[in-house]
Visitor: 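Structure in structure tokens, see below.
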Protein chains: 2
Amino acid sequence: MNRQDRGIQHLNDLEEIRKNQIILATLKKISEVGSDNVTMDDIAREAGLSKGGVAHYFPSKDVLCREAFKRFFERIFQRSRDTIIGFADPLSKLLSFGWLYNWNDPDVNLGYPLLFDAMAMASHDAAYRQLFHEWVDRWIEMLSEAIREGREYGLFQDADPVETARTISAIYHGVAVRWYLDRDSHSSDWALRAVRNSITRLMGVKG
Amino acid sequence: MNRQDRGIQHLNDLEEIRKNQIILATLKKISEVGSDNVTMDDIAREAGLSKGGVAHYFPSKDVLCREAFKRFFERIFQRSRDTIIGFADPLSKLLSFGWLYNWNDPDVNLGYPLLFDAMAMASHDAAYRQLFHEWVDRWIEMLSEAIREGREYGLFQDADPVETARTISAIYHGVAVRWYLDRDSHSSDWALRAVRNSITRLMGVKG
DNA sequence: CATGAAAATCCGTCCAGTCGGTCGAAATAC
DNA sequence: GTATTTCGACCGACTGGACGGATTTTCATG
């Protein structure tokens, strides 16, 4: 981005644009090499700025990374919500996250390394655990809503919706780890069958 | 360990003792701060040696970490095998990993940060993916054996044992992540119920 | 004295964060 | 309308510290 572009923006707009630009670059770089191995120089260059330019918008690497992770998780959650509301049937809602196991999805290729990085951070850093907790909680809220709905219609067997939602969420996650990290032995088809099987049986739906 | 101890050992013994000592220290430190943040100095001090002492036994940090991870995964797997063979009933075998959700277990407190670290590495490094793959494969072999047994006795419904084993393994993993990283919302009781429920229903066992 | 393990030291590299400076644009003065 | 000043985004050289690996030194042992 050259200097000509700058004048045509309001200042507040510019700040938001630059921050976004930097955060996108941060996510890409962390995804590529991990947050411990990424340098501010890498991020700056990826964003088309210099170290000083990045420093102008973010006070430290730590703050930048946290903000980047936060926005990324937010985006993934929004996407999940957009997907789930496209289904009316409660079981379909619970099974609507197949895109998590699609190699051609750009969010997937960017996202899994980010997720693993965030989890590794979380195991040492309470702030990242909090971030993870908030993210999971929003998923649970969304899933348990669908479960309650299904129970009302008599589709699902009786069980605590929140507890069941946590189990479903965990199953998606566990399958995802295998699918992404041991890809030669865990095809996308396996992943889809695994979650479908586990979840339908868990909910007491006749197969 | 002080100098008096050293003379009473054969040289080959000593080498194995030192390597073990260093590896244990490495695992502890990685568990505490992550493999990227650990320094050779940290490891040496933890092992009661100096940097030079460690360098004498391991050529580089990279090699040391890989070897440490390898031995750790091996140990966990051995422990799992020891546990599973204590049960005769195939379903009990599949449910015999409750110790994975026990906060008082020393392997647990040491192990989860190591596992998350290894996964984050694996998402960038094929060598760690290979390590993960081999580890998973041994689990799958062990689990699918129990599943085959259960099918022979007519306890489990028909389904591909390996595919089902992969699903069970993934469920254990997914539940573990939630339990360890979002501990305030996921009790050990929840974790045990979650795997028991998911697995018994997946296997078609009458609850 | 000889040997080799371990300690101490050194050196090259890398990186986060700082700071003085540049440049263009907007504001103000005249 | 033009000159001048101010403002702030941005740059990039630099610093200080940390680290990994190699080299040198010390020392226990036989």
Side-chain angles (χ1 to χ4, degrees), chain A residues 1-26 29-30 32-69 117 121 124-125 127, chain B residues 1-26 29-30 32-68 117 121 124-125:
Chain A
M1 181 161 297
N2 56 39
R3 292 178 185 282
Q4 276 77 48
D5 302 333
R6 290 168 190 160
I8 64 175
Q9 298 290 345
H10 239 245
L11 283 186
N12 289 343
D13 289 345
L14 177 62
E15 176 164 351
E16 208 36 58
I17 286 172
R18 285 282 182 274
K19 283 194 171 183
N20 246 308
Q21 188 179 343
I22 293 167
I23 292 222
L24 254 347
T26 305
K29 280 297 163 190
I30 291 179
E32 283 173 15
V33 299
S35 59
D36 278 322
N37 296 318
V38 91
T39 73
M40 294 298 267
D41 240 349
D42 290 341
I43 293 169
R45 234 184 302 267
E46 178 74 34
L49 297 176
S50 71
K51 277 181 59 143
V54 173
H56 181 72
Y57 291 101
F58 292 96
S60 72
K61 184 183 179 184
D62 201 51
V63 168
L64 171 56
C65 287
R66 269 211 287 276
E67 181 67 18
F69 276 118
D117 223 78
M121 305 282 277
H124 309 299
D125 181 334
Chain B
M1 179 163 298
N2 56 38
R3 291 176 187 284
Q4 277 76 46
D5 301 335
R6 290 171 190 160
I8 65 174
Q9 298 292 344
H10 247 237
L11 282 186
N12 288 344
D13 289 345
L14 177 62
E15 176 163 351
E16 206 37 56
I17 286 172
R18 285 281 182 277
K19 283 195 171 184
N20 246 309
Q21 188 180 346
I22 293 167
I23 290 214
L24 253 348
T26 305
K29 279 298 162 191
I30 292 179
E32 282 172 16
V33 299
S35 59
D36 278 322
N37 297 319
V38 91
T39 74
M40 296 297 270
D41 245 346
D42 291 340
I43 292 169
R45 233 183 304 266
E46 177 73 35
L49 297 176
S50 72
K51 275 180 59 151
V54 173
H56 180 71
Y57 291 103
F58 292 96
S60 74
K61 184 183 178 185
D62 202 50
V63 168
L64 170 57
C65 287
R66 268 211 287 276
E67 181 67 19
D117 224 78
M121 305 281 276
H124 308 300
D125 181 334

Visitor: Using a cut-off of less than 4.0 Å, is there contact between a side-chain N or O of His56(B) and OP1 or OP2 of dA6(C)?
Guide: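 No, outside the criterion.
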Visitor: How long is the line joining CG of Asp36(A) and P of dC14(C), in whole Å?
Guide: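 In whole Å, dC14(C) P lies 17 Å from Asp36(A) CG.
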Visitor: Could you state the OH-P distance from Tyr57(B) to dG20(D), rounded to the nearest angstrom?
Guide: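 After rounding, the gap between these two atoms is 20 Å.
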Visitor: By the 4.0 Å heavy-atom rule, please label Val38(A) as base, sugar-phosphate, or nothing.
Guide: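 If one applies the 4.0 Å heavy-atom cut-off, Val38(A) turns out to touch the sugar-phosphate alone, with no base involved.
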Visitor: Rounded to the Å, how far apart are Arg45(B) CZ and dA18(D) C1'?
Guide: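 After rounding, the gap between these two atoms is 13 Å.
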Visitor: Provide, to the nearest angstrom, the distance between the CG atom belonging to Asn37(B) and the P atom belonging to dG20(D).
Guide: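 Value for this atom pair: 10 Å.
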Visitor: Rounding to 10 degrees, work out the angle separating the end axes of the helix from dC1(C)-dG30(D) to dC30(C)-dG1(D) (five pairs an end).
Guide: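 Both end axes considered, the difference amounts to 20°.
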Visitor: Could you state the atom-to-atom distance from CD1 of Ile43(B) to P of dA6(C) in whole Å?
Guide: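 It is 16 Å, rounded to the nearest whole Å.
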Visitor: Can you run down the salt bridge (Lys or Arg N to Asp or Glu O under 4.0 Å) pairs that involve residues 46-61 of chain B, sequence neighbours left out, and say none if there aren't any?
Guide: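 Salt bridge (Lys or Arg N to Asp or Glu O under 4.0 Å) check on residues 46-61 of chain B returns Lys28(B)-Glu46(B), Lys29(B)-Glu46(B).
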Visitor: Could you give the distance from CZ (Arg66(B)) to CG (Leu64(B)), rounded to the nearest 0.5 Å?
Guide: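 Going from the CZ atom of Arg66(B) to the CG atom of Leu64(B) covers 11.0 Å.
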Visitor: Can you confirm whether Phe69(A) sits close enough to Ile30(A) that some side-chain heavy atom of one is under 4.5 Å from a side-chain heavy atom of the other?
Guide: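 Yes, their side chains come closer than 4.5 Å.
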Visitor: If you compare all heavy atoms of Lys19(A) against all heavy atoms of Tyr57(A), which two are closest, and at what distance to 0.1 Å?
Guide: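 Scanning both residues completely, I find the closest heavy atoms to be CE-O, 3.9 Å.
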Visitor: If every non-hydrogen atom of Glu67(A) is compared with every non-hydrogen atom of Ile23(A), which pair is closest and at what distance?
Guide: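 Glu67(A) and Ile23(A) have their closest heavy atoms at CG-CD1, 3.4 Å.
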Visitor: How close do Ala68(B) and Thr26(B) get, heavy atom to heavy atom, and via which atoms?
Guide: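 So the minimum-distance heavy-atom pair works out to CB-CG2, 3.9 Å.
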Visitor: Counting C-beta onward and ignoring hydrogens, is there a side-chain heavy-atom pair between Arg18(B) and Leu49(B) closer than 4.5 Å?
Guide: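 A side-chain contact under 4.5 Å exists here.
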Visitor: Could you tell me which non-hydrogen atom of Asp117(A) sits nearest to which non-hydrogen atom of Ser35(A), and how far apart they are?
Guide: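 Closest approach of Asp117(A) to Ser35(A), heavy atoms only: OD2-OG, 2.5 Å.
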Visitor: Is there a side-chain contact between Glu32(B) and Asp42(B) in this structure, where contact means two heavy atoms from C-beta onward sitting under 4.5 Å apart?
Guide: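 Contact flag for Glu32(B)/Asp42(B) side chains = no.
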Visitor: From the options dG12(D), dA16(C), dA7(C), select the nucleotide whose nearest atom is closest to the side chain of Ser50(B).
Guide: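 Looking only at heavy atoms from C-beta outward on Ser50(B), the closest nucleotide is dA7(C).
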Visitor: Nearest-Å distance, CG (Asp41(A)) to P (dC14(D))?
Guide: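 Spelled out: CG on Asp41(A) to P on dC14(D) is 15 Å.
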Visitor: Rounding to a whole Å, what distance do you find between Arg18(B):CZ and dG4(C):P?
Guide: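 So the CZ-P distance, Arg18(B) to dG4(C), works out to 17 Å.
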Visitor: Just the rounded figure in Å: distance from C1' of dC15(C) to CG of Leu64(A).
Guide: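 Distance, rounded to whole Å: 15 Å.
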Visitor: Taking only N/O atoms, report every protein-nucleotides 21-23 of chain D pair under 3.5 Å with atom names and distance.
Guide:
| unit_1 | atom_1 | unit_2 | atom_2 | d |
| --- | --- | --- | --- | --- |
| dG21(D) | OP2 | Lys61(B) | N | 3.2 |
| dG21(D) | N7 | Lys51(B) | NZ | 3.0 |
| dG21(D) | O6 | Lys51(B) | NZ | 2.8 |

